[in-house]
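Source: prediction; values computed, not measured.
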Amino acid sequence: MTTRGTVLLESSLWQNHAKCRDVDPAVFFPIGSTGSALRKIAAAKAVCENCICVEVCLDFALKTNQDSGVWGGASEEERRQIRRERNASLRNAG
């Protein structure tokens, strides 16, 4: 992440520029993992796809252990997988 990205993450200013600001939050926090929840996840990811804040948003979610919703274009399960992979890398590096 760039220095600018780090400053944005730490200051939360990135949230002022995120595309999700104008979208119903329910889209990003579906209940369940089938049917309409999958459609909401896809809709949320479509918003994230065109957002300039996608990387800093995902970094925020990972650093603050956001365990529900779509953040930075990643679903709950995708973020769990990222955490598992990072933890495995740290264990293997040490």
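Annotation: the span from C51 atom SG to H17 atom NE2 amounts to 10.5 Å, rounded to 0.5 Å. With rounding to the nearest 0.5 angstrom, the OG atom of S68 is 10.0 Å from the CD1 atom of I31. Remark: F28 CZ to S75 OG distance equals 13.5 Å, nearest 0.5 Å. The CG atom of N50 sits 11.5 Å away from the CD1 atom of I52 when rounded to the nearest 0.5 Å. Summarising the geometry, atom CD belonging to E76 is positioned 8.5 Å from atom OG belonging to S33; distances are rounded to the nearest 0.5 Å. Separating the CG atom in D59 from the SG atom in C53 is a distance of 12.5 Å, to the nearest 0.5 Å.
Hydrophobic clustering places V47 together with F29 (ILVMFWY residues linked when any side-chain heavy atoms are closer than 4.5 Å, directly or through intermediates). A single hydrophobic cluster is not seen to contain both V56 and L58; linkage of ILVMFWY side chains at heavy-atom distances under 4.5 Å, directly or through other members, places them apart. Cluster membership for V54 and L13, using ILVMFWY side-chain heavy atoms within less than 4.5 angstrom, is not shared.
A donor-acceptor pair under 3.5 Å is absent between the side-chain atoms of R79 and the main chain of A61, judged by distance alone.
Considering all non-hydrogen atoms of both residues, C57 and G72 come closest at SG-N, 3.2 Å. Heavy atoms only, all atoms of each residue included: G32 and A37 are closest at O-CB, 3.3 Å.
E77 has a carboxylate O that lies under 4.0 Å from a charged side-chain N of R84, or vice versa, which qualifies the two as a salt bridge.
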Quick one: do R83 and E78 satisfy salt bridge (charged side-chain N to carboxylate O under 4.0 Å, His left out)? Show the steps, please.
CA-CA 9 Å; R83 285 187 195 104; E78 290 165 333; over 6 Å; no
One pair to check against side chain to side chain contact (heavy atoms under 4.5 Å, CB included): K40 and V70. What are the steps and the verdict?
CA-CA 9 Å; K40 286 183 179 178; V70 174; over 6 Å; no
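Between W71 and F60, the ring-plane angle classifies as tilted under the 30° and 60° cut-offs.
Heavy atoms of other residues, nucleotides or ligands lying less than 6.0 angstrom from NZ of K19 number 12 at most.
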